[in-house]
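Computed from a prediction, not measured in an experiment: that's the story for all the values here. Numbers restart at 1 for each chain; the letters A, B, ... are given by sequence-line order, proteins then strands.
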There are 2 protein chains.
Amino acid sequence: MTWDLKSDRPLYTQLIEQIELKIFSGTYPPGSRLPSVRDMAQEASVNPNTMQRALAKLEEDGLIITHRTSGRSVTEDKEMIKNSKSKLARDQISEFIEKMQMLGFEKQETLILITEMLEEIKK
Amino acid sequence: MTWDLKSDRPLYTQLIEQIELKIFSGTYPPGSRLPSVRDMAQEASVNPNTMQRALAKLEEDGLIITHRTSGRSVTEDKEMIKNSKSKLARDQISEFIEKMQMLGFEKQETLILITEMLEEIKK
DNA sequence: ATCATTGTATTAGTCACTTAATACAGTGGT
DNA sequence: ACCACTGTATTAAGTGACTAATACAATGAT
């Protein structure tokens, strides 16, 4: 359970992203209970207030549910989790394509480049 | 000459990226003179200090050259520009692949997804 | 020679983010 | 009934990014 936090962006936004990833990847399965705010904050070496802020946003999005005095849990709605994950993936892809286009690489070129790099990695 | 600035990251880092893009794409050709700090700042609706900060970093990287009292220009070293561009492209790609992997998509899946999305866009 | 323009530097103030130290009310197990 | 734990709220302080308003020395055109 590693938390990879950099200083180039607000911590709470990075926390949101990484908790999302833990949910999408199954590290935090649907319906499972989350550690307490204080515990998660300590795990990520972050102030409880900052973790609280990230969790509040995730609840607003419906990914996690808060039980006022007895902790939080991941939503049981697997369909919703799946959709959120797909949307994030699509966003990543179009953002990537856009950046490559700004760099002057056409869609076809981009595809060739990424294929080549994947081949190299395989070795 | 549009400047697309958001508030989710420090402005000066976004300025660096966008000026790089203008150099890589030929909007600012090799050896060409750049507008003054003040002009560029006004163009981007940003404080001159902030633009100055971005330009200082680009000079540090060698992409632009400062003539103390008579303005700035893009480096004439086309090879260096080309290499910087390639490096940026490779970084974008590996960063993208990494993100997709964290989302649980294997390299092959990622390739399929991106191909599909490119097909859709073509329509 | 004059003068607008250049990059650069300094100082001060504002704002968002983050930390720190508490405090409180409700819950659940003992 | 007690008590540790839960999420939540508040206040104060510190930090980095950004803006604003200047100032200065050097250049280049006139």
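For the pair B:Tyr12 OH and D:dT19 P, the computed distance is 13 Å after rounding to whole Å. In this structure, the NZ atom of A:Lys57 is 17 Å from the C1' atom of C:dC17, given to the nearest Å. The nearest whole Å value for the distance from the CG atom in A:Asn47 to the P atom in C:dT22 is 13 Å. Rounded to whole angstrom, the span from the CE atom of A:Met51 across to the P atom of C:dA20 amounts to 14 Å. Between the CZ atom of A:Arg9 and the C1' atom of D:dT15 there is a distance of 19 Å, given to the nearest Å. One interatomic measurement links the two molecules: CE of A:Met40 to C1' of D:dG7, which rounds to 13 Å at whole-angstrom precision. Per the geometry, CG belonging to A:Asp8 stands 11 Å off P belonging to D:dA17, to the nearest Å.
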Checking side chain to side chain contact (heavy atoms under 4.5 Å, CB included) for the pair A:Tyr12/A:Asn47: CA distance, chi angles, key distance, verdict?
CA-CA 10 Å; A:Tyr12 79 98; A:Asn47 189 278; over 6 Å; no
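Taking the side chain to side chain donor-acceptor pair (under 3.5 Å) definition, one finds that B:Asn83 meets it with nothing, sequence neighbours left out. Taking B:Arg90 as the reference, nothing meets the salt bridge (Lys or Arg N to Asp or Glu O under 4.0 Å) condition, with sequence neighbours excluded. With sequence neighbours excluded, no residue satisfies side chain to side chain donor-acceptor pair (under 3.5 Å) with A:Lys6.
Residue pairs meeting the salt bridge (Lys or Arg N to Asp or Glu O under 4.0 Å) criterion with at least one member in residues 64-82 of chain A, sequence neighbours excluded, do not occur. Residue pairs satisfying the salt bridge (Lys or Arg N to Asp or Glu O under 4.0 Å) criterion with at least one member in residues 91-100 of chain B, sequence neighbours excluded, are listed as follows: B:Lys87-B:Asp91, B:Glu95-B:Lys99.
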Under-3.5 Å N/O pairs linking protein and nucleotides 5-15 of chain C:
{"from": "C:dT6", "atom 1": "O3'", "to": "B:Gly71", "atom 2": "N", "distance (Å)": "3.4"}
{"from": "C:dG7", "atom 1": "OP2", "to": "B:Val37", "atom 2": "N", "distance (Å)": "3.1"}
{"from": "C:dG7", "atom 1": "O4'", "to": "B:Arg68", "atom 2": "O", "distance (Å)": "2.7"}
{"from": "C:dG7", "atom 1": "N7", "to": "B:Arg38", "atom 2": "NH1", "distance (Å)": "3.0"}
{"from": "C:dG7", "atom 1": "O6", "to": "B:Arg38", "atom 2": "NH2", "distance (Å)": "3.0"}
{"from": "C:dT8", "atom 1": "OP2", "to": "B:Gln52", "atom 2": "OE1", "distance (Å)": "3.4"}
{"from": "C:dT8", "atom 1": "OP2", "to": "B:Gln52", "atom 2": "NE2", "distance (Å)": "3.1"}
{"from": "C:dT8", "atom 1": "OP2", "to": "B:Arg72", "atom 2": "NH1", "distance (Å)": "3.0"}
{"from": "C:dT8", "atom 1": "OP2", "to": "B:Arg72", "atom 2": "NH2", "distance (Å)": "3.0"}
{"from": "C:dT8", "atom 1": "O4", "to": "B:Arg38", "atom 2": "NH2", "distance (Å)": "3.4"}

